[in-house]
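Report on the structure given below.
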Amino acid sequence: MIKRTHNCGELRQKNINNNVSLCGWIAKRRDLGGLIFIDLRDRYGKTQVVFNEDTHPDIFKTAKKLGLEDVIGITGLVNARPKEAVNPKMLTGEVDISVTELVVFNESDTPPFDIGNRNSAMEEHRLTYRYLELRTDELQRNMILRHKAGQATREFLNKQDFIEIETPILMKSTPEGARDFLVPSRIHKGRFYALPQSPQTYKQLLMVAGFDKYFQIVKCFRDEDFRADRQPEFTQIDIEMSFIEQNDIIKIGTGLTRYVFESVLDVKLPETFPSFTYQEAMEKYGSDKPDTRFGMELHEFAQYVEQSDFNAFKSVLEIGGRVKAVVCPNADHFSRKVIDELTVWIKTYHGAKGLAWMKSVNGSLDGGISKFFPDEVKSQIINDLDVSENDIIFIIGDTQKVVLNSLGALRLELANLENLIDTNAWAPLWVVDFPLVEWNDDKNRWDAMHHPFTSPHLEDIKLMETDPANVRSLGYDVVVNGYELGGGSIRIHSKDLQKKAFDLLGVSESEAQEKFGFLMDAFKYGAPPHGGMAFGFDRLVMLLAGSSQIRDVIAFPKTTSAMSLMDNSPSFVDDQQLYELGLEIKKIDKS
RNA sequence: GGGGUGGUAGUUCAAUUUGGUUAGAGCACCGGCCUGUCACGCCGGACGUUGCGAGUUCGAGUCUCGUCCAUCCCGCCA
């Protein structure tokens with residue numbers, strides 16, 4: 001056994017003539033005949049080691065057989081490289097080690113892809129050999145970043161007197177919200193635990209218990225469909241506090257975000273983040289998680305439609321719809337084909353019926369639907385919307401929901417297509433005053449927008465029975481660069497108000513008792529006013545890592561069909577296991 | 001549940017207008033040469049159920065249908 005005296009990233013000029021030992025993997029090998037260079041890699045870096053046939057023929061013979069990803073330990077003398085052989089691209093590039101002792105710990109089969117280049121294999125393949133992909137520079141860096149973010153989180157919250165408390169992973173299933181992952185009970189056959197979608201109820205109970213500042217970095221599970229930024233299991237920074245108001249949570253959430261960004265990236269975010277009401281965010285950006293790294297805000301367009309002959313939009317307005325516009329700068333290269341493609345895209349994915357447009361040419365508006373607008377209205381538009389030469393105005397008229405959502409999506413799409421986003425910028429913000437409930441057309445009822453324990457704005461309580469759609473909640477999200485990083489709310493802590501909320505959501509007393517009885521009961525014994533929030537930890541790390549894929553910051557992620565390609569889970573189980581659980585698998589007929 | 005893209009050697013990619021010799025190349029691998037390379041170089045070699053299953057055809061990597069997997073998006077994600 002050779003024990004390392006140094007790691008592969010630390011040797012410098014000052015170590016010249018030291019006798020050192022290194023252990024690691026063979027990252028690269030250059031065989032010059034009587035001289036072999038090997039780049040030895042560990043998680044700290046790479047160091048070049050040299051085998052010389054003249055000085056150590058026996059070791060050289062062994063070295064001749066070494067291949068990529070073999071694990072070796074070496075002892076040798078640190079040399080200054082000849083001037084012309086210094087490699088300025090390597091941190092250890094001024095030195096190398098002439099090997100006097102070699103131990104081959106383990107030979108590697110030919111690696112299924114090039115560890116030095118993460119793009120050398122398709123993702124499917126890399127996920128199968130995830131432990132090898134984790135050897136790549138990029139993933140090593142991401143895992144270290146994740147560690148640092150976790151440490152910073154604990155440091156910050158610990159300094160603020162928060163206590164980390166673990167909550168159960170096996171808990172009660174409640175069919176609200178996302179679909180639960182279920183775990184069958186062996187002892188109580190036919191019954192199931194659920195994996196937590198979040199520790200929501202537990203953290204509220206901890207407030208009742210008097211742990212007035214709680215946090216946890218905790219796994220959560222949601223059995224829905226997955227995306228580039230969504231995994232079936234993910235990690236939250238879960239926070240709850242007592243005797244506080246919305247602004248106190250926003251202060252802590254801002255502080256934590258700033259602390260993590262500064263600790264991990266040395267980036268200083270503003271002391272306070274801009275705050276938008278839900279209403280403002282939707283009207284300006286067509287999104288409840290706006291990316292404000294670029295402008296292109298949405299403009300009201302109804303007043304111009306009214307002065308035009310464009311009947312399609314006029315009738316939209318007559319039936320209570322909306323017409324809004326977004327201006328895309330420097331769009332002279334937007335051919336008819338590009339516009340058509342955008343139109344198809346927005347119809348397909350965002351439910352708009354069409355995409356109207358006008359181009360700014362020679363100080364007036366041209367093309368598209370411009371012929372329906374009188375010249376003086378065109379000038380007005382150019383003036384009001386601050387339209388420059390060669391800009392293109394995209395206009396959508398439809399129901400409010402479709403207009404805001406599709407223009408919001410178009411705004412992002414255009415910014416991406418046109419590279420209008422400053423990728424070095426950080427745009428954190430809060431969105432507040434979310435609606436308490438939203439109408440569920442399928443189920444013909446009001447659903448909680450956040451969750452059923454979210455408190456309404458106190459002055460809106462009176463609207464709960466008469467005008468639910470306009471009840472604002474004490475719910476808030478923190479958004480960075482268009483990603484919802486976290487969210488939370490002030491919770492209801494009074495039995496009466498909670499009953500009112502359940503009434504609005506159509507949850508009967510018996511149903512409430514069955515599902516949340518333990519929480520309702522707890523509230524009988526002195527529940528402090530409380531509230532909190534949760535950060536999507538993986539998303540936070542993803543942003544810090546500059547990635548747009550959550551898989552990049554999770555050591556062993558699942559695919560978008562929730563499979564682990566490495567260990568092939570989920571998998572079938574023995575009949576014996578099923579028998580013990582009192583389960584039987586129904587044959588799925590695939591005819 | 002719906003739509004887009006992709007699946008060819010260990011791997012990354014090629015393979016002409018619906019099709020036409022023995023399915024090619026880089027890296028990796030094996031062998032040989034090479035003492036300052038760092039994308040080492042040079043010479044040679046081995047490597048294929050074209051994801052899977054049907055169909056059309058004299059003939060399918062290529063066309064059709066089904067299916068599986070990956071990925072991106074819509075729905076979904078309190």
Side-chain angles (χ1 to χ4, degrees), chain A residues 27-39 46-55 60 65 67-69 79 81-90 92-93 96 98 108-129 132 174-180 197-198 200-201 220-232 234 344-351 405-406 409 412-413 434 436-438 440 442 446-454 473 475 484 487 489 501 505 507 534 536 548-549 551 558-561 563 565 568 590:
Chain A
K28 199 81 195 178
R29 181 195 142 81
R30 293 173 293 277
D31 185 344
L32 271 63
L35 200 59
I36 300 171
F37 297 98
I38 280 177
D39 292 341
K46 282 178 199 160
T47 301
Q48 175 166 280
V49 301
V50 189
F51 296 89
N52 191 319
E53 188 169 25
D54 291 343
T55 58
F60 187 85
K65 294 190 203 110
L68 293 182
E69 300 306 316
N79 296 314
R81 294 197 194 182
K83 250 188 217 115
E84 65 280 7
V86 166
N87 185 346
K89 282 184 261 177
M90 283 174 88
T92 59
D96 58 19
S98 44
S108 169
D109 280 3
T110 302
F113 61 91
D114 178 5
I115 307 297
N117 176 10
R118 209 179 149 218
N119 295 320
S120 70
M122 282 195 293
E123 181 148 24
E124 189 171 355
H125 198 241
R126 298 193 314 256
L127 285 173
T128 307
Y129 299 96
L132 296 182
T174 53
E176 277 77 21
R179 197 176 291 114
D180 280 330
Q197 296 175 27
S198 85
Q200 183 60 37
T201 49
C220 301
F221 306 84
R222 294 178 191 174
D223 189 4
E224 294 294 341
D225 288 341
F226 308 107
R227 291 291 158 75
D229 63 349
R230 277 176 10 206
Q231 282 270 305
F234 60 98
V344 169
W345 172 81
I346 209 153
K347 279 176 161 174
T348 314
Y349 293 125
H350 302 284
N405 287 341
S406 51
L412 281 179
E413 180 73 7
F434 276 82
L436 186 69
V437 292
E438 60 187 340
N440 183 328
D442 295 338
W446 295 101
D447 278 346
M449 191 137 175
H450 189 53
H451 57 56
F453 316 112
T454 299
S473 74
E484 182 196 326
S489 63
L505 298 171
V507 179
S548 53
Q549 289 190 331
R551 294 185 297 279
K558 306 263 187 300
T559 67
T560 49
S561 69
M563 295 244 296
L565 295 178
N568 258 313
K590 277 200 168 181

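Scope of the values below: all heavy atoms of this structure, side chains included, with no hydrogens, waters or symmetry mates.
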_For the base of B:U37 and the side-chain ring of A:Phe37, does the geometry meet a stacking cutoff of under 5.5 Å between centres and under 30° between planes?_
yes
Discussion item. Using 30° and 60° as the class boundaries, would you call the ring planes of A:Tyr349 and A:Trp345 parallel, tilted or perpendicular?
Written reply: perpendicular
Can you find a side chain N or O atom of [X] that sits less than 4.0 Å from OP1 or OP2 on [N]?
| X | N | result |
| --- | --- | --- |
| A:His125 | B:U11 | yes |
| A:Arg551 | B:C72 | yes |
| A:Arg227 | B:G75 | no |

G-U wobble or Watson-Crick pairing nucleotide for [N] (cut-off 3.5 Å, both distances):
| N | answer |
| --- | --- |
| B:U71 | B:G4 |
| B:C27 | B:G10 |
| B:C65 | B:G53 |
| B:U16 | none |
| B:C33 | B:G41 |

Between A:Leu68 and A:Ser108, the two heavy atoms sitting closest are O-CB, 3.7 Å
Please state the [atom1] separation for the pair [N] and [M] - nearest whole angstrom.
| N | M | atom1 | answer |
| --- | --- | --- | --- |
| B:C33 | B:G20 | C1' | 43 Å |
| B:A25 | B:A46 | C1' | 16 Å |
| B:G75 | B:C68 | P | 24 Å |
| B:A28 | B:C13 | C1' | 14 Å |
| B:G26 | B:C43 | P | 11 Å |
| B:U22 | B:G59 | P | 15 Å |
| B:U17 | B:G55 | P | 28 Å |
| B:G61 | B:C77 | P | 45 Å |

What's [X] touching, base or sugar-phosphate or nothing? Going by heavy atoms closer than 4.0 Å.
| X | result |
| --- | --- |
| A:Glu69 | nothing |
| A:Thr348 | nothing |
| A:Pro82 | base |
| A:Asn52 | base |
| A:Phe113 | nothing |
| A:Ser561 | sugar-phosphate |
| A:Asp96 | base |

What's the [atom1]-[atom2] distance between [X] and [N], to the nearest Å?
| X | N | atom1 | atom2 | result |
| --- | --- | --- | --- | --- |
| A:Met563 | B:C69 | CE | P | 6 Å |
| A:Glu123 | B:U71 | CD | C1' | 7 Å |
| A:Ile115 | B:C27 | CD1 | C1' | 14 Å |
| A:Lys558 | B:U71 | NZ | C1' | 18 Å |
| A:Glu124 | B:C68 | CD | P | 14 Å |
| A:Phe51 | B:C34 | CZ | P | 19 Å |
| A:Leu565 | B:C69 | CG | C1' | 8 Å |
| A:Asn117 | B:C27 | CG | P | 14 Å |

Base B:C76 to side chain A:Arg222, donor-acceptor N/O within 3.5 Å cut-off: no
Task: A:Asp225 (side chain) and B:G75 (base): donor-acceptor pair under 3.5 Å - done: yes
Assert: residue with more 5' nearest nucleotide on RNA chain B, out of A:Leu68 and A:Glu53, is A:Leu68
By nearest-nucleotide position on RNA chain B, the 5'-leaning member of A:Glu224 and A:Ser548 is A:Ser548
With a 4.5 Å limit on heavy-atom distance, are the side chains of [X] and [Y] in contact?
| X | Y | result |
| --- | --- | --- |
| A:Arg222 | A:Ser198 | yes |
| A:Lys46 | A:Lys28 | no |
| A:Arg30 | A:Asp39 | yes |

Sorted by chain and residue number, the salt bridge (Lys or Arg N to Asp or Glu O under 4.0 Å) partners of A:Asp229 (sequence neighbours excluded) come out as A:Arg539
Flag, side chain of A:Gln231 to backbone of A:Lys558, donor-acceptor distance under 3.5 Å:
yes
Show the distances under 3.5 angstrom between N or O atoms of the protein and N or O atoms of nucleotides 38-43 of chain B.
unit_1: B:C38; atom_1: O4'; unit_2: A:Arg30; atom_2: NE; d: 3.0
unit_1: B:C38; atom_1: O2; unit_2: A:Asn87; atom_2: ND2; d: 3.0
unit_1: B:C38; atom_1: N3; unit_2: A:Arg81; atom_2: NH1; d: 2.7
unit_1: B:C38; atom_1: N4; unit_2: A:Arg81; atom_2: NH1; d: 3.4
unit_1: B:C38; atom_1: N4; unit_2: A:Ala85; atom_2: O; d: 2.1
unit_1: B:A39; atom_1: OP2; unit_2: A:Lys89; atom_2: NZ; d: 3.2
unit_1: B:C40; atom_1: OP1; unit_2: A:Lys28; atom_2: NZ; d: 3.3
unit_1: B:C40; atom_1: N4; unit_2: A:Asp31; atom_2: O; d: 2.0

Contacts of A:Pro82 meeting side-chain contact (heavy atoms from CB on, under 4.5 Å) (sequence neighbours excluded), chain-then-number -> A:Glu84, A:Ala85
Checklist line | salt bridge (Lys or Arg N to Asp or Glu O under 4.0 Å) between A:Glu224 and A:Arg230, worked out | finding: CA-CA 9 Å; A:Glu224 294 294 341; A:Arg230 277 176 10 206; over 6 Å; no
